[in-house]
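In what follows, every chain begins at residue 1, and chains take the letters A, B, ... in the order their sequences are listed.
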Amino acid sequence: MIRLAVSGANDTQCDELARRVRGAIVTILKSFDQVSAVDAVAFIGAARPDASHIEHCIAAGAPVLLATESTMADADLERWTRRCSGQNARVVVANPDRCAPSRRLIHDELRGTKLGVAGLIRLHRWESGAQTNRATLPESLVRDLDLAVWLKDQRPERIFATRTSADRSVEAIQVHMGFADGGMALIDHVSGLPDGDGYQSISTICANGAMYADDHSNRQLVFQGGVPRANLSDEGPRPLVNLIQQFVDELLSPASIDDGVNDWRRLQSLVRAVYRSLESGHAIPFMEGDA
Amino acid sequence: MTAAPFRCAVLSVAKHDYVARGVASHPRFELTVVADDPDVPDWLHERNQLFADQQGIPYVRDIERALCEHSVEVAIVSPESERHCDLSIRAANSGKHVIQDKPMSTSRAECDRLVAAIEEADVRFLMWNRNGLPAVQQALRQIEAGTIGRPVAIHADFYFAKDSGPVKGSRPPGYPPIDWYSHQIAAHVDGSDGGLGRQPMGELAVEGIYPLAYIELLTGKQVRRVFARSTAHFHQVHADNGVEDLASVTLEMDDGVIGSLAIGRIGLASHPSGGEIKLHVVGSAGALVINEARPDVGVYYRNQPAKEARQRRIANENDFLLADNFARAIDTNGSTLIDVYAARRIFAVFEAALESCSTGQPVDVRGPDNMT
């Protein structure tokens, strides 16, 4: 059994993980002094972890999962990866959104034979809370860029991005990707909507079929007089459980570990291409490794 | 006293008769004659004659004679796409109001000729559209009521879950490419013809007017620049003829509004009820997610044919609203839901999108006379 400490989880989340994850004893990491007493550490949640905490884990020889909603800085991840080389410690980077059951289902079906090649992947994500810094992309949009490329299983050959003007409280950004086999992806991201639930949707149009994962159809009605509410039937603790289970399974079979670093590097190149398109107003040919 | 209905000539039902039937469903319109040119192919004469017989009205193989001798006031135009403008222009030149099936044309020059003819004749023109659908009208009412504030972004998914002949990659080596025209004629039997005409047409041109009309209706904005990608992803006939059955378009519109269109003829297997058609509208104070097919009723039974929709639209007021709008436009010399200028704008968006697909760069939408 692997002793796994999770940083960024609340008590409820940790209880769910402790009950459901196989092959590991899961606890909340309350202090980084505990690192020497565990076999691995997972960083999850919204906030980007303190770099010193990660370095502490690496120094202690503990494999680290970086799966927060906020991505790491380029230089930090490259440094950690180099430091882990040849040691028991390793850094595994993961996009937590990949582990949602709906996204996994779509991914698995695309890797099968029934639906054929994906021709168009369309994502919508709407959030409340304003994007405070227009110079950076929203973290959830960055994760959706990764999601689109992961599902398509190809890097794009061309990227065009556009956004609404700066004088608006609600900001919309759109990224349009073209792939060499003719496939496409459209990613719509909105921030600054009124407080409340957000919205997500993925449509995947394939040569022999299609898949639709849409919050719109996953809502239940609540009647309390007046206009009914539409409550989302969300995916519960499954995304987090899947994420941690995947990490544990990889630790138990080290030969199969995909540290995700190459995917992460490609994602950073994509982000830079999106910036260049937004700034220039042109479509950008995408070359992996672009600075 | 109720006014006599407007007498209508149906100028060809080459593609579909739904426009003529839709107009005729309104009490202010009466189908009086079907007409076409004498030199159209026999298969087209057969379709025209069949429709005329079903309606109990004559079929005349001479358009000008029909327009002249049957006291026609309105021409309903549904030939092959490359004849759309020609028949509409001839009707306008005869002083008839025109209801035309989509697309406007496959040619910019023809579009401009039609605009000039409508202006010169000072007749009313309506491009048949779907803006009267209940879900679209409901979205419009929400936006007009200020529910979501001012629109800042809009996205339309417009997928027809229809087949179009053999799947891509199925043509055996040595076999000739599928002829577009022959295929479309043969596909009429099961309603899978889309883009009937000698010139191959992709889905942007065939169906794109519908979602682009939604976008202009709901935002009140015009598209100024587009970036587009397209491919023949599903069907051999599209691959063989160099046109798309799947496309995506990013739209940059007036006042910083952005949007997108995803459109395709995605195959029967890809949706249980004819296709996913959705609108996402984001405003300064909220957002809408609209399923264009609602309201509907689900109907399922053993051995149900695969081509039969499981969810059936109900309370579809589109035909009545379009025809009613046209009648009022004639009465008041007013505008229609999609007049010739709106139709021309939509054509310009397709033209720019197809150019963008070719160049790989965003393209400005050009109005008449190459003016932006």
Side-chain angles (χ1 to χ4, degrees), chain A residues 114-122 124 126 157-158 160-179 181-190 192-194 196 198-199 201 203 205-212 214-217 219 230 277 281-283 285, chain B residues 148-155 157 159 161 167-169 225-235 239 244-252 255-264 266-271 275-276 278 280 282-287 289-291 356-357 359-362:
Chain A
K114 289 177 289 193
L115 278 111
V117 175
L120 174 59
I121 298 170
R122 157 93 102 174
H124 295 285
W126 299 346
E157 65 167 7
R158 192 167 288 264
F160 177 71
T162 189
R163 72 198 312 172
T164 48
S165 48
D167 59 348
R168 297 199 150 106
S169 56
V170 173
E171 181 182 55
I173 301 176
Q174 185 166 299
V175 180
H176 194 162
M177 294 195 270
F179 298 84
D181 67 351
M184 317 154 210
L186 275 171
I187 302 166
D188 156 46
H189 185 278
V190 174
L193 285 173
Y199 168 80
S201 166
S203 304
I205 309 299
C206 306
N208 299 323
M211 293 177 278
Y212 311 96
D214 192 343
D215 281 1
H216 188 205
S217 55
R219 290 200 169 257
S277 182
H282 297 314
Chain B
I148 64 168
R150 193 166 31 90
V152 301
I154 182 165
H155 307 281
D157 291 337
Y159 304 123
V167 298
K168 182 181 171 186
R225 194 169 81 134
V226 300
F227 172 77
R229 302 282 297 191
S230 68
T231 188
H233 194 68
F234 309 101
H235 303 112
E244 83 284 355
D245 53 22
L246 183 66
S248 54
V249 189
T250 288
L251 311 167
E252 293 178 336
D255 300 325
V257 176
I258 66 173
S260 68
L261 165 63
I263 185 168
I266 66 173
L268 183 66
S270 295
H271 193 271
E276 178 89 342
K278 293 196 91 150
H280 294 79
V282 181
S284 56
V289 180
I290 301 291
N291 184 325
S356 178
C357 292
T359 64
Q361 286 296 334

(message) Using side-chain heavy atoms (C-beta onward) and a distance below 4.5 Å, is B:Gln361 in contact with A:Phe160?
(response) no

(request) Determine whether A:Arg163 and B:Glu252 make a side-chain contact, defined as any pair of heavy atoms from C-beta on separated by less than 4.5 Å. (result) no

(request) Mark yes or no for whether A:Gln174, through its side chain, and B:Gly259, through its backbone, hold a donor-acceptor pair below 3.5 Å. (result) yes

(request) Could you list the residues that satisfy side chain to side chain contact (heavy atoms under 4.5 Å, CB included) with B:Asp255, not counting sequence neighbours? (result) A:Arg168, B:Lys221

(request) Flag the pair A:Val117 / B:His233 as yes when at least one side-chain heavy-atom distance between them is below 4.5 Å, and no otherwise. (result) yes

(message) Rounded to the nearest 0.5 Å, what separates atom CG in A:Asp214 from atom CG in B:Asn291?
(response) 9.0 Å

(message) Is A:His282 close to chain B through its backbone or its side chain, or both, or neither, when contacts mean heavy atoms under 4.5 Å?
(response) both

(request) Please examine the side chains of A:Leu120 and B:Tyr159, heavy atoms only from C-beta on, and report whether any two atoms are closer than 4.5 Å. (result) yes

(request) Please tell me if the side chains of B:Arg229 and A:Phe179 come closer than 4.5 Å, counting only heavy atoms from C-beta onward. (result) no

(message) Report which part of A:Ala118 has an atom under 4.5 Å of a heavy atom belonging to chain B: side chain, backbone, both, or neither.
(response) backbone

(request) Counting only heavy atoms closer than 4.5 Å, note whether B:Asp157 contacts chain A via side chain, backbone, both or neither. (result) both

(request) Against chain A, label B:Ser356 side chain, backbone, both or neither, depending on which of its atoms sit under 4.5 Å from a heavy atom there. (result) neither

(request) List the steps and the verdict of side chain to side chain contact (heavy atoms under 4.5 Å, CB included) for A:Leu193 and B:Val282. (result) CA-CA 9 Å; A:Leu193 285 173; B:Val282 181; 4.2 Å; yes

(message) Whether the B:Ser248 and A:His176 side chains hold a donor-acceptor pair (N or O, under 3.5 Å, no angle test) is what I'd like checked.
(response) yes

(request) Answer yes or no: is there a side-chain heavy-atom contact under 4.5 Å between B:Glu276 and A:Ile205? (result) no

